[in-house]
Amino acid sequence: MIEIQNREDLICENVGRDAMGALTFAGQALAPLAKTYGTPLYLYDEDRIRLRMRAYLSAVEKAFGGRGSVQYASKAASFKRIYEIAAEEGFGIDVVSQGEIYTAARAGFPLARAYFHSNNKTDADIAFAMDKGVGTFVADNAEELYAIENEASRRGITQRVLLRITPGIDPHTYAAVATGKVDSKFGSAIETGQAERICALALSLPHVALAGFHCHVGSQIFDASVYLSTQKIMLTFVRDMYKDYGYLARELDLGGGLGVRYVKDQPALDIEETLTAVAEEMKKTCASLGIPMPHVSFEPGRSIVADAGMALYSVGSVKRIPGYKTYVSVDGGMTDNPRYALYGSPYTVLPVLPHEGAEREECSVVGRCCESGDILQEGVSMPADLCRGELLAMLTAGAYQYAMASNYNRIPRPAVVMLSDGKATLAVRRETVDDIVSLDV
Ligand code: LLP
């Protein structure tokens, strides 16, 4: 009799176990997928992505009564299929580079619904985005604003623009993803007067149509009060710009950042609850400031795709160094997921087979790059009889993994496979060594 693993360890309801106790994802067995597509492999539960997108859209609809919209922050996972899904679900997108714009365009995404971010858009980026008809530019700084004005003027168009504002908020997340503090490289700070100056500048430029303000205070945020403080600061800024310049912002974009559950001691945030709390607070703030409620937009990335993803690896070796450590080496590593190496990000890593009754030992799951820091996760409890050729699954692996993959050590990047309705479809084929060498002249 196989004891089914405590559901809690499986983190998310699209991860389960079959009758033999083997792990499943989106209702599908993992061994046949590994056999067909090879490992390492990224799997995406397409229905989960759609579910998350719908949750955001209905939450915005309920909380803001039609005066809200959602853009998927496509830096979290960018490939054609994701943009097709976003288009089908009526989502907007946030793009940050020519590569993301081009991928979205190739997927047939209606780019009028795209918001172009980044703290340093080159002249070529600006021209490229205008060529492709990107609807909204989120301008980061004065130089960029002038460059947008010049290109728009040259084309005889008026470009819709939001200004990225730094509210001076510490989102209490890890440093690399905290962006709302005054000393951030992103945006113009209210505290230093730079936000007001860039607003005045935007209003003076004839080919810039200022639609409102944007902020994004950070990522992997669990504390909803961060958004409550942010909206207050931003709406106060809206009121001040109205008072001082007679300019009433029509749109306020509060960015993304909702936290997701990578390990069982992290909470699973409820999207609707969080957005409703923000909406309630915004209504109160607007009433006390005497301004109308602007159109509100959100830009979630991680919370759309993270738990829709799983990474599959094959074990190569289990190296026990008596008195020290056990290393489980897999056929991927920091090249397909640099997040532990960069941020020490926690993950749930499980063997696909059940290993009922086996002794457990603490391991470091490491990759195959020539680098000691090539670690996928430390302190992982693994069955002591784990052996070469077995599959390991990393849960909640859909955000900032494929997107941040590299070819370090000239390792080809894994394939991406979409799972839906019991079927598997290749979305991105596995790179080959020929792909890698093809750029060398
Ligand atoms: N909007 C803007 C302007 C952003 O910069 C970001 C993320 C988002 C929205 C989406 O945030 P999300 O909902 O995904 O938290 N590589 C890091 C994450 C970097 C986040 C960059 N900006 C990681 O792997 O944790």
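Start at 1 and go down the list; that is how both ligands and their atoms are numbered. Values below: all heavy atoms of this structure, side chains included; hydrogens, waters and symmetry mates excluded.
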Chemist: Using a 4.0 Å heavy-atom cut-off, which part of Tyr343 comes near ligand 1: side chain, backbone, both, or neither?
Modeler: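 Within the 4.0 Å criterion, Tyr343 contacts ligand 1 through side-chain atoms alone.
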Chemist: Heavy-atom distance to atom 2 (C) of ligand 1: which of Met404, Lys75, Gln401 wins?
Modeler: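 Nearest heavy atom to atom 2 (C) of ligand 1 lies in Lys75.
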Chemist: Does any donor atom in the side chain of Ser74 or Tyr83 lie under 3.5 Å from an acceptor atom in the other side chain?
Modeler: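 The criterion, which ignores hydrogens and geometry beyond distance, is satisfied for Tyr83 and Ser74.
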Chemist: Considering the heavy atoms of Asp94, write down every atom of ligand 1 situated less than 4.0 Å from one of them.
Modeler: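 By the 4.0 Å cutoff, the relevant atoms are 1 (N), 2 (C), 9 (C).
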Chemist: Identify, with sequence neighbours excluded, every residue that meets salt bridge (Lys or Arg N to Asp or Glu O under 4.0 Å) alongside Asp336.
Modeler: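 Partners of Asp336 under the salt bridge (Lys or Arg N to Asp or Glu O under 4.0 Å) test: none.
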Chemist: With a cut-off of 4.0 Å, which atoms of ligand 1 are near a heavy atom of Arg164?
Modeler: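 Close to Arg164: 3 (C).
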Chemist: Between Glu272 and Ser58, is there a side-chain donor-acceptor contact under 3.5 Å, judged purely by atom types and distance?
Modeler: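 Short answer, no.
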Chemist: With only distance considered, is Arg302 within less than 3.5 Å of ligand 1 through an N or O on each side?
Modeler: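 In this structure, Arg302 places an N or O atom under 3.5 Å from an N or O of ligand 1.
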Chemist: I'd like the name of whichever of Arg339, Gln220, His117, His216 reaches closest to atom 6 (C) of ligand 1 through any heavy atom.
Modeler: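 Checking each option, the heavy atom nearest atom 6 (C) of ligand 1 is found in His216.
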Chemist: Would you say ligand 1 has an N or O under 3.5 Å from any N or O of His214?
Modeler: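 It does not: no N or O of His214 is found under 3.5 Å from an N or O of ligand 1.
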Chemist: Going by the salt bridge (Lys or Arg N to Asp or Glu O under 4.0 Å) test, which pairs reach into residues 365-381, not counting sequence neighbours?
Modeler: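 Every pair satisfying salt bridge (Lys or Arg N to Asp or Glu O under 4.0 Å) with a residue in residues 365-381: Lys325-Glu378.
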Chemist: Would a 4.5 Å heavy-atom cut-off, applied to side chains only, mark Asp140 and Asn120 as touching?
Modeler: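 They are not in contact (no side-chain heavy atoms under 4.5 Å apart), so the answer is no.
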Chemist: Would you say ligand 1 has an N or O under 3.5 Å from any N or O of Leu258?
Modeler: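 No, Leu258 has no N/O under 3.5 Å of an N/O on ligand 1.
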Chemist: Would you mind running through ligand 1 and noting each atom that sits below 4.0 Å from a heavy atom of Gly256?
Modeler: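 So the atoms of ligand 1 that pass are 9 (C), 13 (O).
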Chemist: To the nearest 0.5 angstrom, please state how far the CG atom of Leu235 sits from the CG atom of Leu289.
Modeler: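 Rounded to the nearest 0.5 Å, the CG-CG separation comes to 6.5 Å.
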Chemist: Counting from 1, what ligand 1 atoms have a heavy atom of Pro300 closer than 4.0 Å?
Modeler: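 The atoms of ligand 1 under 4.0 Å from a heavy atom of Pro300 are 13 (O).
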Chemist: If we ignore angles and hydrogens, is there a donor and acceptor under 3.5 Å between the side chains of Glu281 and Tyr227?
Modeler: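 Glu281 vs Tyr227: no donor-acceptor pair found between side chains.
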Chemist: So how far is it from Glu151 CD to Asp125 CG, rounded to the nearest 0.5 Å?
Modeler: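 So the gap between those two atoms works out to 11.5 Å.
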Chemist: Run the numbers for me: atoms of ligand 1, each under 4.0 Å from some heavy atom of Gly257, listed by number.
Modeler: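 Checking each atom against Gly257, I get 11 (O), 12 (P), 13 (O), 15 (O).
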Chemist: Would you mind listing which atoms of ligand 1 come within a distance below 4.0 Å of any non-hydrogen atom of Ala73?
Modeler: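 Close to Ala73: 8 (C), 9 (C), 10 (C).
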